[in-house]
Each structure stands twice: as structure tokens, then as C-alpha cells.
Amino acid sequence: MAYKMARIISIIAIILCTICINVHAQTKISLDEISVVASVKDSKPVSEQPVASNLLSFTQIEQQQITEVKNVSAYIPNFYIPDYGSKMTSSIYIRGLGARIDQPVMGMNVDNVAYLNKNNFDFDLFDLSRIEVLRGPQGTLYGRNTMCGLMNVYTLSPINYQGTRLAIDYGSGNELQAKVSTYIMANNKLGLSVAANYKHSDGLFCNTYNNSQCDKYNGGGLRLRTVYMPTTNFTIDNSINVSLLQQGGYAYAQYNDSLKHKLPICYNDSCLYYRTSIIDGLNIKYKANSFSLSNIISYQFLDDKMILDQDFSPLNLFTLTQKQKEHAITQDIIIKSTNNSDWKWQFGLWGFYKHNNMLAPVTFKRDGIVQLILANANKGIQKMFPNDSLDIKESVFDITSSFALPTMGAAIYHQSELEFGKFTVTAGLRYDLEHSQMKYNNQALLNYIFTFTMSDYKPLISNMKGKEKLTFTQLLPKLALQYSINSKNSLYAYVAKGYKVGGFNTQIFSDILQNKIKNNMMAALGVHLDNGNEVTYNSAKATSYKPEQSINYELGGHFCANNINLSANVALFYINCFNQQLTVFPTGMNTGRMMTNAGQSRSLGAELDVKYHISNLSLSLAFGYTNAKFVEYNNGNTNFSGNFVPYSPQNTASASAWYTFYLSGNVVDQIAIEANWKGIGKIYWDELNSICQPFYSLFGSSVSVSRKNAELNLWCRNLLNCSYDTFYFMSVSKKFFQSGKPRTFGVSIKYNIN
């Protein structure tokens with residue numbers, strides 16, 4: 001199947017290449033409009049680089065109602081961000097690889113500032129000039145956690161745009177979003193902008209326990225940007241982004257095996273997520289005759305809090321509260337050539353430091369004490385003492401967990417591009433060094449009694465205190481060969497290495513301490529506890545995981561025919577992944593989750609995207625196919641080798657069409673009609689490949705009416721009300737799903753003052 005799909009994509013590439021070359025031979029080449037904003041590390045537009053890439057322009061972002069990163073899913077081949085949980089769960093899957101917690105496979109830069117914590121990735125998008133998505137390893141220039149790609153987000157700059165923008169949106173679930181921004185040139189050297197947004201939603205999913213919406217939302221953001229250009233060669237660009245969020249979520253419904261369907265969402269304790277984020281990025285750039293020097297400095301602050309009814313049931317089992325405060329600073333110094341010689345080069349120095357203080361207490365309630373601690377303990381006791389039992393006095397007790405997580409890293413990198421006629425060779429190398437620590441202090445205090453030997457309750461203190469360290473280095477090479485058929489058509493091949501950093505499993509400590517509590521009580525009684533099928537943990541082994549690494553091999557091409565406004569990108573890829581990081585929910589009546597290294601996997605696939613524009617009509621098509629399987633993965637109980645890697649879709653597809661009627665009346669200037677389709681799947685939900693989400697389709701449409709600077713837009717998403725799932729997991733031996741969003745409608749009003 002994979003080779004057949006690759007052959008089909010290759011044939012399409014040859015046809016498109018032939019069309020584009022022939023058209024170029026007959027017409028005069030006109031330069032595309034090139035935006036003045038770009039990555040400080042780019043020597044040319046991404047559409048001309050030897051990399052699989054997609055660019056969403058200002059017009060596309062506005063037309064497709066892209067207001068958050070998740071909206072980009074499937075518009076980019078083999079790029080998928082599921083919408084579940086909260087804005088904290090920014091899980092990203094590209095080309096069959098990804099992870100649900102901890103380190104992402106994709107990096108994110110906003111106005112050239114690298115966001116370190118993926119909890120900041122899912123923010124409200126507004127006033128964007130464009131979005132670039134690069135697929136494949138970007139580690140040589142961007143380093144850690146860009147193993148599968150990079151997203152560059154660029155906001156409007158007061159240097160390039162002046163005016164005031166007003167917008168208000170209203171939609172299903174009583175969703176209201178308001179945006180206001182103004183961009184001015186104070187003088188010919190200083191540009192200033194202020195942009196703000198507010199969003200509210202009553203939610204779309206009902207918690208039947210109290211008949212309230214579980215996914216309510218209130219959030220807002222403020223962006224202040226100052227650009228100072230005292231000379232044409234010197235620029236100081238500072239942007240401050242502030243984001244506030246109060247969100248419900250976690251619309252998880254239990255699956256009933258006997259009835260073979262999901263039960264209604266029903267849990268008794270609150271599920272909430274709060275986030276305050278402040279990111280200040282300063283970009284200082286000097287351009288000389290033959291080189292440019294850039295210094296990008298950022299300060300990043302994250303203060304967030306997650307509250308979970310972690311059993312997601314009406315029972316009083318247990319809850320989790322996770323609070324973290326993270327301060328981080330980054331610095332990236334880049335010097336690169338700017339002349340038009342056949343050798344283009346750049347060198348860079350990167351460094352960062354971040355410190356995260358985390359509190360993650362787990363509160364056990366009476367049902368949880370009985371079912372998760374006492375049940376298994378008494379099972380072992382009553383084999384010897386049938387008429388006696390163990391009991392805990394408390395109806396509620398906490399397993400307190402506190403962590404200090406300092407991390408620092410540094411890197412040096414270089415990349416050169418050498419042109420030999422129509423051929424360009426790109427070679428680069430990066431050396432990364434990173435050191436991280438986890439200082440942990442976990443404790444539980446309770447009173448217990450054993451009816452056979454004890455007349456009163458006895459206090460028991462269980463604790464874990466210590467420190468773990470991780471230090472690792474990475475060499476990240478890249479080698480690419482590109483052949484330019486002409487100025488707008490090229491073929492390329494490259495091989496590159498990428499990696500995700502290792503880390504610590506803070507969310508497994510409650511399980512470790514639970515086992516410690518049970519074992520301590522049994523040891524005090526002189527009784528051996530039979531854990532049955534439950535997993536016990538060695539603390540040093542369970543609390544850390546190693547970096548994940550991949551080697552990516554890729555063949556591709558960029559094609560463009562200007563006179564008929566046709567462009568296409570094609571890519572074939574093969575990835576070897578080592579020490580793959582997988583999120584594991586331990587078997588049995590355990591409550592936590594952890595990251596583990598799964599061994600080796602491989603992913604191969606093909607990608608195609610086509611855009612066409614003529615007169616009043618614009619069309620776009622994107623398709624991605626991925627075949628990702630484990631090569632070596634045995635968890636000690638089961639051999640998963642040969643199975644599909646879970647949680648990543650095997651296919652992504654999208655198609656969009658816009659048609660604009662230009663009118664000469666006094667009431668309306670133009671009417672635009674848009675229709676779109678997204679297809680995603682098949683997605684396996686577990687390593688055994690025993691349960692899956694089949695391929696599903698989402699249709700949408702919009703109609704907009706414009707008059708001068710005003711626009712009215714009516715839109716609908718999931719037009720056919722398709723039923724599908726976006727997430728699956730197991731907790732305390734029960735299965736849970738989250739459904740995708742149902743059909744939603746909305747209206748948007750925009751007004752620009754130039």
C-alpha cells in the first residue's frame with residue numbers, strides 16, 4: 001500500500017513538473033509578492049528551500065477562520081493537532097510521530113522568538129501576517145524539539161501595516177470573540193502597535209452529573225509591539241505578548257464494553273485549566289554590506305494550574321491539582337552572509353535557562369482509598385487472615401508532590417549553501433548540550449489499623465525525597481541537494497537528524513507513593529503484598545526518560561506556473577526513529593501516566609499540496625499518507641513490533657474552494673462563497689492496535705459580504721454533524737474517549753480603518 005501510494009504521488013509530481021516547465025518556457029517570469037517578514041535564519045523564501053513546507057497567507061488565515069493552531073490540522077499534509085482536553089494538551093503529530101505529554105515534535109517561533117514550553121503553543125491567533133509550517137527535522141538551525149518540523153508565526157508589524165482593525169465573532173455555544181488593534185508610525189523611524197482580543201464560550205459538552213457545560217472558556221490577550229529603525233541597516237523590534245485563560249474542558253466519557261458505546265460525560269469534581277503567560281521578545285538586527293548580525297533575546301513566564309477529577313466518574317476516587325511557575329530566558333545570536341555570491345553561510349550561538357517550580361498534589365477520597373489502596377492490600381491479607389482487614393481512618397488524604405526543575409542548554413551551529421550552476425548543496429551541523437535536574441519531595445500521612453493485631457489507628461508516613469539528573473549532547477547534521485529547473489521549479493533530496501529532549505515523569509509519583517504506602521503498611525504487619533497484575537516502579541528508572549532521535553530521508557519538489565497561478569509541492573519521506581517516547585497509562589488500578597522509551601520505529605509516506613487561482617476562483621488541495629510502525633518495542637509483557645504507532649493519523653486530506661463575485665453596486669462590493677473539507681484517519685488508539693478511529697470527514701462552508709472596509713461573514717463547521725473521537729485513554733482500568741466538536745455555526749463582523 002505504501003509503495004503504491006508513493007508511486008501515485010510520484011506520477012502526479014512528474015505531471016505537475018512537466019506542466020510547470022512548459023508553461024514557464026512560454027511566458028515571462030514575474031516575481032511573486034514576497035513578504036518583508038521572514039525568519040532571520042532564512043537565506044531565501046521557504047518555498048524555494050529544500051524542505052517540505054506550507055505557507056498560509058494573511059488572506060488564507062482570514063478566509064479559513066484560523067484562530068488557533070489546531071485549526072491548521074489537515075490543511076498541512078501529515079500535520080495533525082487533535083482538539084481535546086484543554087489548551088494545555090497541545091499534542092502535535094507530524095509524519096507518524098508525536099507525543100501527548102511533555103516534549104513536542106514541533107518547535108514554534110513567534111516573530112522569531114522560540115517558545116520553550118509547549119503549554120504556550122495553543123494561544124489565540126489574531127492579526128497574523130502569515131504562518132509557515134516546515135516538515136522534517138529542523139534541528140540544525142533550531143535545535144531541541146524540532147525533530148519533525150517547525151511552525152513560524154508572524155504577527156502584523158506597524159512598519160508594514162498601518163490602520164485600525166475591529167472584529168467581533170459570535171457562534172454556537174454562546175461563543176463570543178472580540179478583537180481590536182491599531183498600528184501607527186509615530187515618525188518615519190518608529191512604529192507602534194497595540195492589539196487585544198477577548199474570547200468567551202459557554203461550551204459545547206454537557207456534564208450530566210450537574211447538567212452544566214464542562215468546557216466553558218474565558219480568555220484574552222494583549223500584544224504590544226515597538227519597531228525602531230534609526231537607519232535602514234539597523235532595527236530594534238520588541239514584542240510583548242500577554243495571555244490570560246480560564247477554561248473548563250476534559251469532556252471525557254467512559255466507554256461501556258458490554259453496551260459497546262460511550263456513556264454520557266459524568267464526573268463529580270471540577271476539571272479546570274488556568275494560564276497566565278507573558279513572553280517578551282527583543283530582536284536586534286544590524287545589516288552590513290556583506291553580512292547581517294541578529295541577536296534575539298526573550299523572557300518567558302508561565303503560571304498555570306490544572307485541576308482534574310482524574311477518575312472522570314461520579315465516584316469520590318481522587319483528584320489532581322498541578323500548579324507550575326516557570327521563568328525562562330533565551331538568547332540566539334546569528335551572523336550570516338547577505339551577498340549574492342555562490343556561497344551563503346551562517347553561524348549561530350544559542351543558549352537558554354529555565355526554572356520550573358511545580359506542585360502536583362493528588363487527593364484521595366474515600367472511594368479511592370477503598371478501591372485503589374485497601375482493596376488490593378486486603379486481598380493479600382485475607383489469604384492469611386480471612387476474617388480480618390486493613391482500614392485507613394481518613395476519608396480524604398493528600399499525596400503531596402513538589403518539584404524543582406531547572407534546565408539549561410547551549411548550542412553552536414553552522415550551515416552553508418554552495419551553488420554549482422543549477423545545483424545547490426546545503427550542509428549544516430549543530431552541537432547541542434543540555435543539562436536538567438529534578439528535585440522532588442513527595443509525602444503522604446495517614447492513620448491505619450489492622451483489626452487482627454491493633455486496637456487503635458497507627459500513623460504512617462511515607463515519603464520520597466531526592467534528585468535526578470540528565471545530561472546529554474547531540475550532533476545534528478544536515479545534507480541537502482537541490483536542482484533548480486528554473487527560478488520557480490526545483491527538485492531536492494536531503495537527509496537530516498532531529499531529536500526531542502529527555503525529561504522526567506512527574507505525573508507517575510502518585511503511583512510510586514501509592515505502592516510505597518501499601519508496601520509500608522504490609523511490611524509493618526509482616527505480610528507480603530501480592531500486587532497481582534499491577535505495575536510497581538523502581539523510582540530511579542520510572543522517573544526519567546531518554547532523548548528521542550530520528551534520521552529523516554526525503555525526496556521532493558516545488559513547482560510553480562505563474563501564468564495560470566498553479567503551484568504544487570510534493571514530498572516522499574522515510575524516517576528511522578530511535579528511543580521513541582511514548583505516553584503509557586500503566587495497567588491495573590493505577591492512576592498516573594508516564595513517558596517511556598519504546599525502542600525503534602519507522603515511518604514512511606508521501607505528501608502533496610496544490611494551489612490554483614484564476615480570476616474569481618481559488619482552489620487548494622492537500623493530502624498526506626503515513627505508514628508508521630514499531631520496528632522494536634517490547635514492554636516486557638507484549639511484543640508490539642510490526643504494529644502501527646498509535647495516536648497519529650495514517651491519512652490527512654483537505655480541499656478548499658473560494659469563489660468571489662465582484663459587484664459594482666452601491667450596497668455591496670463583493671460576495672465570496674467558500675467550501676472546505678477535511679479528512680483524518682485511520683487512528684489507532686493503543687499499541688496493540690485493538691481499537692481505532694476510522695477515517696472521518698468534516699465539511700465546512702462560509703459566505704462573506706463586503707462593502708469597502710466592512711465585512712460580514714456567515715460560517716459553519718462540521719456541516720454534516722459527523723460523529724468522531726479525538727482522544728482515548730485508560731485510567732483505573734476503564735476506557736475513556738473524547739468526542740470531536742459537533743456542528744457549529746457563527747457570524748463574524750470586521751471593520752478596518754486605514
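We use all heavy atoms of the structure for the numbers below, so side chains are in, but hydrogens, waters and symmetry mates are not.
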Does any donor atom in the side chain of Q581 or K500 lie under 3.5 Å from an acceptor atom in the other side chain? yes

Under 3.5 Å side-chain donor-acceptor pair for N120 and S277: yes

Taking R144 for its side chain and G409 for its backbone only, find out whether a donor-acceptor pair lies under 3.5 Å. no

When you measure from the side chain of D269 to the backbone N and O of D309, does any donor-acceptor pair fall under 3.5 Å? no

Presence of salt bridge, K118 and D304, under 4.0 angstrom: no

Can you tell me if T451 uses its side chain to pair, donor with acceptor, with the backbone of S389 under 3.5 Å? yes

Only counting residues at least two apart or in another chain, list the ones meeting side-chain contact (heavy atoms from CB on, under 4.5 Å) with T652. A74, N78, P649

Main-chain N/O of Q443 paired to N463 side chain as donor or acceptor, under 3.5 Å: no

Measuring from N207:CG to C266:SG, what's the distance to the nearest 0.5 Å? 6.0 Å

Are the aromatic ring centres of F729 and Y84 under 6.0 angstrom apart? no

Test ring pair (Phe, Tyr, Trp, His ring centres under 6.0 Å) on Y250 and Y267; report intermediate values, then the result. CA-CA 10 Å; Y250 309 99; Y267 52 79; 8.6 Å; no

Member of E548, Q474, Q103 meeting the side-chain contact (heavy atoms from CB on, under 4.5 Å) criterion with Y499: Q474

Let me confirm one number: the CD1-CG distance from I265 to D215, rounded to the nearest 0.5 Å. 7.5 Å

Rounded to the nearest 0.5 Å, how far does OG of S648 lie from NZ of K682? 14.0 Å

Would you call the rings of Y115 and F123 parallel, tilted or perpendicular if under 30° counts as parallel and over 60° as perpendicular? tilted

Do you know which two heavy atoms are closest between L582 and A598, and how far apart they sit? CD1-CB, 3.5 Å

By ring-ring contact (aromatic ring centres under 6.0 Å, His included) - contacts of F301 (at least two apart): H327

Pair N447, E394: side-chain N/O donor-acceptor within cut-off below 3.5 Å: yes

K199 NZ/CZ over Y217 ring centroid, <6.0 Å and within 45° of normal: yes

Within the 3.5 Å criterion, strictly below it, is a donor on Q580 or S601 matched to an acceptor on the partner's side chain? yes

Here the pair of heavy atoms bringing M147 nearest to S550 is CG-OG, 3.1 Å

Member of T471, T473, T407 meeting the side-chain hydrogen bond (donor to acceptor under 3.5 Å, both in side chains) criterion with H435: T471

Do L405 and K354 have side chains that get closer than 4.5 Å, going by heavy atoms? no

By salt bridge (charged side-chain N to carboxylate O under 4.0 Å, His left out), K741 pairs with (sequence neighbours left out) D83

Only one of D686, D257, D725 passes salt bridge (Lys or Arg N to Asp or Glu O under 4.0 Å) with K735, and that residue is D257

Rounded to the nearest 0.5 Å, what separation is found between the OH atom of Y448 and the CD1 atom of I517? 12.0 Å

If we ignore angles and hydrogens, is there a donor and acceptor under 3.5 Å between the side chains of N356 and Q324? yes

If we only count heavy atoms from C-beta on, is the I81 to D122 side-chain gap below 4.5 Å? no

Classify the angle between the aromatic ring planes of Y252 and F727 as parallel (below 30°), tilted (30 to 60°) or perpendicular (above 60°). tilted

Flag the pair M306 / S86 as yes when at least one side-chain heavy-atom distance between them is below 4.5 Å, and no otherwise. no

Would you say the side-chain atoms of N357 pair up with the backbone N or O of K325, donor to acceptor, closer than 3.5 Å? no

ring-ring contact (aromatic ring centres under 6.0 Å, His included) against F644, all qualifying residues, sequence neighbours excluded: Y684

Would you check if there is a donor-acceptor pair between the side chains of N117 and E326 at a distance under 3.5 Å? yes

Please tell me whether Y440 and F504 form a close aromatic pair, meaning their ring centres lie under 6.0 Å apart. no

If you apply the rule side-chain contact (heavy atoms from CB on, under 4.5 Å), what do you find for Y80 with I680, and how did you get there? CA-CA 8 Å; Y80 174 61; I680 297 171; 3.8 Å; yes

Scan for salt bridge (Lys or Arg N to Asp or Glu O under 4.0 Å) pairs involving residues 367-376, sequence neighbours excluded, and state none if there are none. none

Is the F737 to Y728 ring centre distance short of 6.0 Å? yes

With sequence neighbours left out, write down each residue that passes ring-ring contact (aromatic ring centres under 6.0 Å, His included) with F630, or none if nothing qualifies. Y633

Paired with T363, the side-chain contact (heavy atoms from CB on, under 4.5 Å) test is passed by just one of T400, L320, D398, N316, namely D398

